[in-house]
Amino acid sequence: MKTLALLGLLAAFCAGLPGQERKIPPSLQITVVTGFHDVVAIGRPAPVTVLLHNHTDQAISATVRLSTGMDILGESRLVQRVNVSPGVGKQLSFLVAGSQSLSGGCRVETDRDVIFTDAIGAKIEKNPARSVGLALGEYGDIVGVETVIAVMGGRARQWVSTLRGRLVEVSMLPNQQVQLCELEERFAPDHQMALAGVSTLVWTEPNPDNLPDPACLEVIKRWVACGGRLVLMSAHAPRALSHPGLADILPARVTGSTDVPYPHVPITFGGLFLNRSTEGVAAHTPFIVDRYIRANECIIDARGPWLATEPLAGAFVRKARDGTNWDELPSLAVERRFGNGYVRMACFDPLVYDRAEQLPMLHAFSVATGLTIAAPNAVRTHDVPEVAERRFVEVLQNNNLRPLSIGPFVLIAILFLLVVGPLDYLLLSRGKLLKYSAVSLILYTVIFCAGSVLATFYLFSPAPQTNRITVADFAELPDGTEHASALTLQGCFRPLGGSYRVDVADHEVFSMPMGDSGYSGGMTSLYDGAGRAPLEVQQPFNSFRAVMTRAAGKPAGSVVCRLGREGASWYFEVNNGLSHELFAGCLRTPLGCMSVPDVAPGQKVRVVIVPAKLASWDAVSMSVSAGFDQARVKMDSGRWDFPPMLVDAVMVPDVGGARLRPGYDPVRIALDKDSALYTAFTLAQPFTDSLAGDNTGFNITFARRLMPLPEDFPRK
């Protein structure tokens, strides 16, 4: 008996040891992940993923209602319905607007009584119930930041646990608060809009088989093609790079791997040891380290794998600048343009520097990703004032929303004193009804005030208007089809009020209110499936509404550009597939800029490029501005007082040139020594939206096309 008792105690002890799988009772298990482990990019679409796992022996039909609670115009409710078979998990994706004040909950209603459990199997309710409310997020409060760098894959948690909170400044996104966040592969987004808040996606030991759906890999590729930045880190596991799903995006073929010494990196942060790159330093050499730093202040025994690669067509090998300690490695990374974005493959393993010191890790992360990153004690100079948002609203409003005018009140007051008052006295005195003069006075006052209001709205207010400012980036997907991603700032004025839906049919779309322009209810978020989150706008009497919409998909027309060579001459060719003229065009290359003639709809224009005659942006901007002003006068579509910051940011894609608030600048685009950028203005819209027939205001589009430079094109 003692032996049996001891065996029983031993079995009970073993059952409680760590690593033993906890048995989940028959229940509906619910996991909710907000943003990227509860980190969201402010003003950008934020994914909310709900995972339902059916641990019962019967199918469950469930309705999932996401209540964001963050909408300043009233609570948004997003609804999806799903059937979950026994023993099966189903994943639902939602989109909400990223905000520091994001709150709300998830409510699940089932067709029968079930027990609900959370992500670790604990009961949410003791008794079976038909619905349950959950707080958004599993890991704490929502954190809103300006820029998100997501890390996904095998060693993502190691990166995040070491560097989270240490990143402050990234070269493509200057002077901004940057947060490094984990994105679990099982929660990879199934639509492009969910990655709109991510500036860079780092994928360690990439394994597409771990994604919840094969479509998730295509989403990542489409996001990169539309301007995203994907960094692959797998030097210590090169076999992961041979996955067939990655073949079309890899910048190089891995031919071997060797174990080599790694460069020394500083532990102590200081001006002598760690310096920001400057104009004279290569963009992909973020830090210069003094060769004479003391041995006790740096790691001297770092060693790890290095990948030997065979770059593919159009790829570039990134090496360290001569004179830095990183020139000890033959190459740091290989990268290649992929549509409007690019894919970078690190040739070394930066996690070798994970020695309980954060600065070496930060240094290695910067070199591996190609991002210029400053430590947190760097001075943050994000000085964009709140007035930028108000300027956008003012431009879109276009002087339409009129306040009550004092003129009609003064006029009616004079008429009342000179005509209505005496006449009312005569009538009441003749009928011996002077005791009702107080009532008649109130009645006349109400009628005359209403008349003055109507006179202001109908006699002095302009007609309804819908104004749009769009930034559209055109790119070619791997299958050869044209793709566009656009951000539209839309303002609607309605003297009589009304309702409309901000949507782009058959495309991924995300719409959210923009600015503070006297909102008082009237907007509701809708959800029509993965990648779709339009707005339903209810406009009160004499109201203005501003909405920011992101859309992606096949455009109604495209702008196709090509750089080529004919004999000894280089040429640039642009084909206008849009419905309106392209004007005030500009081609920007690493050697300089040049103006491009206007291109009529359906026409093709070719211009000869003389590298020696390419001018600075300051010289070309004069002709671009003149062309824009001339077109504005010719079209005569109202007061186009566009904020200079928007035009500058669109036309001047210099590193460090962005000037707008994070939620309102889709315009940052990486232009390096291996790419060229074409920009032009047009009245055409890349997508046909729900208000396509409303031509009562102005429509202006900034059309852009980013192109890789041919290998033999002159460079500085």
Across all chains, not counting sequence neighbours, the side-chain contact (heavy atoms from CB on, under 4.5 Å) partners of T549 are V502, V509, S511, V547
Residues two or more places apart in sequence or in another chain: which of them pass side-chain contact (heavy atoms from CB on, under 4.5 Å) with S61?
->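 Listed in chain order: N83, D111.
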Pair V560-E482, side-chain contact (heavy atoms from CB on, under 4.5 Å): steps then yes or no = CA-CA 9 Å; V560 181; E482 285 294 306; 4.2 Å; yes
Nearest non-hydrogen partners of A194 and F36, listed with the distance =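 A194 and F36 have their closest heavy atoms at O-CZ, 3.7 Å.
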For the student: nearest non-hydrogen atoms of A188 and C216, plus distance =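 Minimum heavy-atom contact is O-SG, 3.6 Å.
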Considering only NZ, NE, NH1 and NH2 on the basic side and carboxylate oxygens on the acidic side, decide whether R81 and E109 come within less than 4.0 Å.
->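 Salt bridge flag = no for E109 with R81.
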Can we say K554 and D506 salt-bridge, meaning some charged N sits less than 4.0 Å from an Asp/Glu carboxylate O?
-> no
Counting N and O atoms only, with roles assigned by atom type, does the side chain of [X] sit under 3.5 Å from a partner on the main chain of [Y], one being a donor and the other an acceptor?
X	Y	result
S199	V148	yes
R107	R65	no
T696	T466	yes
W223	L195	yes

Is a donor from one side chain sitting under 3.5 angstrom from an acceptor on the other, for [X] and [Y]?
X	Y	answer
T701	Q685	yes
S93	D190	yes
E184	H37	yes

With sequence neighbours left out, what residues match H507 under ring-ring contact (aromatic ring centres under 6.0 Å, His included)?
-> F687
Taking only residues two or more places apart in sequence or in another chain, which ones pass salt bridge (Lys or Arg N to Asp or Glu O under 4.0 Å) with [X]?
X	value
D694	R494
E185	none
D503	R501, R532

Q192 versus H483: any side-chain heavy-atom pair under 4.5 Å?
-> yes
Please walk me through it: do L52 and V82 pass side-chain contact (heavy atoms from CB on, under 4.5 Å)?
-> CA-CA 9 Å; L52 303 179; V82 64; 3.9 Å; yes
Starting from the C-alpha separation in whole Å, work towards a yes-or-no answer on side-chain contact (heavy atoms from CB on, under 4.5 Å) for L230 and I249.
-> CA-CA 10 Å; L230 175 64; I249 64 173; 3.8 Å; yes
When rounded to the nearest 0.5 angstrom, what distance separates CG in L201 from OG1 in T369?
-> 12.0 Å
side-chain contact (heavy atoms from CB on, under 4.5 Å) assessment of I700 paired with F681 | CA-CA 7 Å; I700 185 69; F681 299 96; 4.1 Å; yes
